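This is a predicted model, so every value here is computed, not measured.
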Amino acid sequence: MKTAIRTLFNFIHGNPEGKTEAVDTFLNKSEEFRLLLSANGKALELMAEMTEAAQTGLPSGITRVRAYSVMVASSVRQMIERLCLMAPGKYDGLRDVFNDIVLAMDQAFAGPSAPAKGPVVLALRQVRAKDMPETGSKVALLGEIRSELGLEVPHGFAITASAFRLFLESNGLDDEIGRLTQIHDGNSLTELTELGRTIRHAVDMAPMPPELEEAVEAQCERLGDIRFAVRSSALGEDSEQAGFAGQFQSVLGVRPSQILDAYRTVVASMYSATALTYVRNRGLREDEMVMAAGCMEMIDAVAGGVIYTRPPMGHSDGSLIVTAVPGLPCAVVDGSSLVDSWTVNRETGRVLDRDVAEKEIRFVLASTGKIRKEKLYGGRQLAPAISDGDAERLAAMALRIERYFGRPQDIEWAKARDGRIVILQCRPLTICDPVQPAPPVDEESRGMALLSGCIPASPGAAAGYVVKVETEEDMFRFPDGAVLLARTARPQLSALLPRAAALVAEFGSSVGHLANVAREYSIPALIGAPGAVERLAGVGMVTVNGSSGTIYLGRRQRMIDREARPPARSRTTDVGLALQGVLKHITPLNLTDPDSPEFRPENCRSLHDITRFCHEKAVFEMFAQGDRPLAGARRLAGERAMQYWLVDIGGGTRGSGGTKSITIEDVCASPMRALWYGMMAIPWEGPPAPRMDGFMSVLTSAAQNPALMPGARNDMGERNYFIVGRNYCNLQSRFGFHFCTIEGFAGDDPNSNYALFQFKGGGASLDRRHARSKLVAEILERRGFIAEIREDALFARLEGVTRRAVEQTMAILGYLLMHTRQIDMSMADPGTVIRYRDKFEADIETLLDGLDAELREGGCAA
């Protein structure tokens with residue numbers, strides 16, 4: 001491009017030989033300056049996105065935060081290199097400052113240091129609670145209740161956190177997972193599903209360390225030819241910050257020779273779409289996740305289930321809940337069956353009530369070691385899975401565990417064929433905040449119930465359109481804000497819960513994994529709603545009351561308001577902490593006064609400081625140095641043009657470049673002619689009528705904004721500059737409190753054409769400035785722009801369009817630049833916003849009607 005510009009420049013300006021060197025110098029600077037401006041815009045846009053992410057706390061993985069940090073650093077590095085090319089040797093010190101800041105950013109990302117290497121396996125009989133950093137809480141707590149309470153737990157062993165680290169590091173799997181995560185970075189279910197598949201393949205292909213193979217083989221020889229359940233026991237799983245209920249996979253009926261394959265499956269499940277969705281919504285760092293696993297003897301159970309030592313819905317009534325199904329207890333936690341339940345008095349230990357469900361299936365351990373699903377016939381569907389005596393025995397065990405750990409517990413158990421009760425898992429129980437008893441149904445909702453008597457699993461009420469999910473494709477198509485309707489409460493559905501208004505499942509129970517996750521997300525849920533799929537499919541909008549167990553037709557707003565729950569207690573997430581740590585080295589702006597003696601490279605303490613320094617010095621090198629050719633910067637002549645200067649980088653103007661001024665009639669670059677036309681065609685009516693609150697806001701902004709302090713320069717020195725080429729125009733300007741960049745390229749190839757608009761500032765309060773940016777974004781989006789708003793800053797871009805489209809767009813941008821000044825002071829009034837929008841739309845239509853004639857008159861029409 002530079003060669004073409006040089007040819008055009010020489011052709012148009014007819015430079016004598018003696019000026020060739022000066023022209024070359026100027027053209028090189030112009031090109032570097034243009035690239036520096038582009039990098040500057042990209043860096044500021046990325047900084048704004050990172051700041052917004054830190055303020056909103058929206059889901060964002062640590063990989064995404066790292067990627068953004070790398071991108072912003074890359075843009076700043078480009079600015080440094082461009083500036084050094086514009087003025088060789090003058091600003092080399094910036095590189096050392098930059099390197100120091102990037103090093104500090106890397107340190108901000110560092111997590112806790114890796115612990116010392118430990119054993120790769122531990123026999124369960126050796127495990128205690130203190131071993132949690134190696135075995136995870138699931139296995140460690142089983143070891144604790146076995147040794148301290150004498151309760152029976154399965155035989156087996158743990159594959160430790162040290163084994164996991166050895167597995168990943170010995171074959172480079174940790175680097176490969178990091179690489180795949182960066183390649184497939186994204187938050188959509190489709191992107192995360194693809195990421196999970198690729199990581200699973202990488203895990204399957206990775207060789208297992210011989211040290212781990214030998215240790216597992218020794219444990220299996222010790223235990224004999226038994227079947228194992230290989231369960232996840234990740235570090236941090238079952239903690240107060242994150243329960244991970246049902247997020248990781250367990251493999252049942254595993255032969256000794258299959259242990260390591262099952263272990264691979266458990267490890268890979270940590271990167272499934274379901275688990276990654278959970279991790280990102282909880283703000284956890286995926287690069288610090290460590291998977292330990294428990295390899296425990298399978299119990300050939302005649303019954304099994306879950307005990308909650310307190311009601312999970314928050315209404316404590318002195319009872320505990322025992323649930324059970326015939327066969328293996330997996331049908332309880334995976335939501336594939338209705339369950340029997342017993343309510344037991346915590347004081348007397350006696351059964352207060354029982355609810356025997358109609359159970360259609362059971363899971364059993366076949367002689368081959370495989371898990372088989374059996375249909376229940378002949379009245380066995382309605383037979384209780386256990387006796388009242390069993391329920392009371394289980395309640396007594398559960399209360400001992402609760403007293404030992406000092407808090408409510410969620411306990412999974414199994415009853416062996418010889419009558420032994422074996423504890424399979426225990427963990428802290430998450431309990432919802434107490435809710436008030438449901439008031440009588442209001443008149444508005446009376447008679448509108450579609451289903452009642454469903455099992456409440458998570459309190460609150462919410463409305464949305466019913467969307468049935470049966471397949472993976474259904475999951476990909478699930479829309480935000482819908483009511484999730486499913487046949488069974490599969491844990492995999494938890495990936496949709498952050499986007500769902502409410503959950504309804506026919507089968508499952510309030511003690512299953514999906515119910516646990518719904519309570520963590522505060523999503524109203526009914527699990528155990530027979531007939532829901534047939535009754536709700538196709539009905540449209542419904543209101544789900546997760547407290548009363550009723551589903552109503554339509555939106556019942558008063559009910560939703562009445563059932564509103566206090567917002568979830570916010571916490572600073574691990575990713576949030578890392579983001580805040582790295583932003584300390586990116587966004588603070590300390591260098592504000594370019595005339596200060598402190599405005600030097602060594603005083604840059606953030607990447608923002610470097611961008612500020614580079615921009616200011618680039619302007620100085622471009623426009624304030626004396627070695628530029630006379631054609632470099634000329635003042636626009638004319639009554640309304642005296643505050644503008646123009647730099648022609650080749651082919652943008654007519655006539656001699658030897659004068660100090662130029663008229664707009666001498667400009668033949670169509671993007672600039674269109675932009676100028678938009679700025680001047682319709683006279684500005686002046687600022688809106690002053691309001692006292694808006695005026696005070698302006699005074700406050702002026703007092704607090706260092707960029708507006710006396711002595712502070714605008715981004716282009718003290719002038720507004722047009723940089724033009726044959727098909728190119730760039731305007732960086734400051735009008736009072738407003739900072740704006742407009743750029744456009746309008747050539748014959750649509751693939752090269754674009755227009756961009758960046759706008760920030762104003763004297764009013766942030767909410768009014770934001771409203772003004774929102775209004776401008778709305779106008780631009782109607783014309784094909786992709787617009788983003790970060791606080792009061794607007795970034796809008798249009799690409800791949802015709803020359804005429806760019807010219808029209810430049811005219812519109814010119815109009816908006818001039819006519820949206822100071823309207824932020826009036827943005828508190830919705831009626832005013834509507835009036836401005838209507839006026840702008842009408843003016844733009846008028847403006848575009850005259851554009852073609854203007855360009856023809858200027859001799860720059862296509």
Side-chain angles (χ1 to χ4, degrees), residues 43-77 98-115 133 161 164-165 168-169 174-187 191-192 195 199 234-237 239-244 247 270-271 275-291 498 520 568-589 605-611 790-791:
L44 295 179
E45 185 175 349
L46 290 167
M47 289 180 194
E49 290 185 30
M50 295 180 73
T51 301
E52 184 183 60
Q55 291 172 343
T56 61
L58 292 175
S60 181
I62 194 69
T63 303
R64 179 176 288 256
V65 175
R66 283 184 186 276
Y68 268 74
S69 300
V70 170
M71 287 191 292
V72 71
S74 175
S75 295
V76 174
R77 178 76 188 195
F98 172 83
N99 291 336
D100 289 342
I101 293 174
V102 170
L103 181 62
M105 291 167 60
D106 285 341
Q107 292 171 346
F109 275 117
S113 56
F164 173 80
R165 298 188 182 98
L168 264 62
E169 293 170 3
D174 48 354
D175 292 336
E176 178 64 6
I177 290 174
R179 187 185 71 82
L180 292 171
T181 305
Q182 289 187 26
I183 292 173
H184 296 275
D185 186 36
N187 280 323
E191 293 166 325
L192 293 179
L195 172 60
I199 292 181
L235 304 193
E237 188 178 351
S239 66
E240 292 185 21
Q241 289 75 27
F244 283 101
Q247 303 303 301
M270 196 164 57
Y271 307 99
L276 288 175
T277 300
Y278 182 89
V279 164
R280 294 189 177 184
N281 278 284
R282 302 297 291 175
L284 305 173
R285 292 183 58 151
E286 59 261 40
D287 62 341
E288 292 183 2
M289 293 169 62
V290 176
M291 178 61 78
E520 278 192 49
R569 288 183 287 273
S570 62
R571 68 180 184 89
T572 304
T573 65
D574 297 341
V575 173
L577 285 172
L579 178 57
Q580 291 173 11
V582 77
L583 279 176
K584 292 178 182 176
H585 305 288
I586 294 178
T587 56
L589 181 60
R605 303 200 295 275
S606 69
L607 295 186
H608 200 173
D609 284 341
I610 295 180
T611 61
R790 312 266 184 246
E791 294 187 336

Please lay out, stage by stage, how Thr181 and Ile199 fare under the test side chain to side chain contact (heavy atoms under 4.5 Å, CB included).
-> CA-CA 8 Å; Thr181 305; Ile199 292 181; 4.2 Å; yes
Restricting to non-hydrogen atoms, name the atom on [X] and the atom on [Y] that form the minimum distance, rounded to 0.1 Å.
X: Pro133; Y: Ala161; value: O-CB, 3.6 Å
X: Pro588; Y: Leu583; value: CD-O, 3.3 Å
X: Phe164; Y: Met289; value: CE2-O, 3.6 Å
X: Glu520; Y: Tyr278; value: OE1-OH, 2.6 Å
X: Ala73; Y: Val102; value: CB-CG2, 4.3 Å

How long is the straight-line distance from [atom2] of [Y] back to [atom1] of [X], given to the nearest 0.5 Å?
X: Met270; Y: Ile177; atom1: CE; atom2: CD1; answer: 7.0 Å
X: Thr63; Y: Arg285; atom1: OG1; atom2: CZ; answer: 9.5 Å
X: Ser69; Y: Asp106; atom1: OG; atom2: CG; answer: 9.0 Å
X: Ile610; Y: Arg77; atom1: CD1; atom2: CZ; answer: 9.5 Å

With a cut-off of 6.0 Å (strictly less than), are more than 12 heavy atoms of other residues, nucleotides or ligands near CZ of Arg605?
->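 It does not: Arg605 CZ has 12 such atoms or fewer within range.
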Considering the options Leu607, Thr611, Asp609, which one meets the side chain to side chain contact (heavy atoms under 4.5 Å, CB included) requirement together with Ile586?
->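 Result for side chain to side chain contact (heavy atoms under 4.5 Å, CB included) with Ile586: Leu607.
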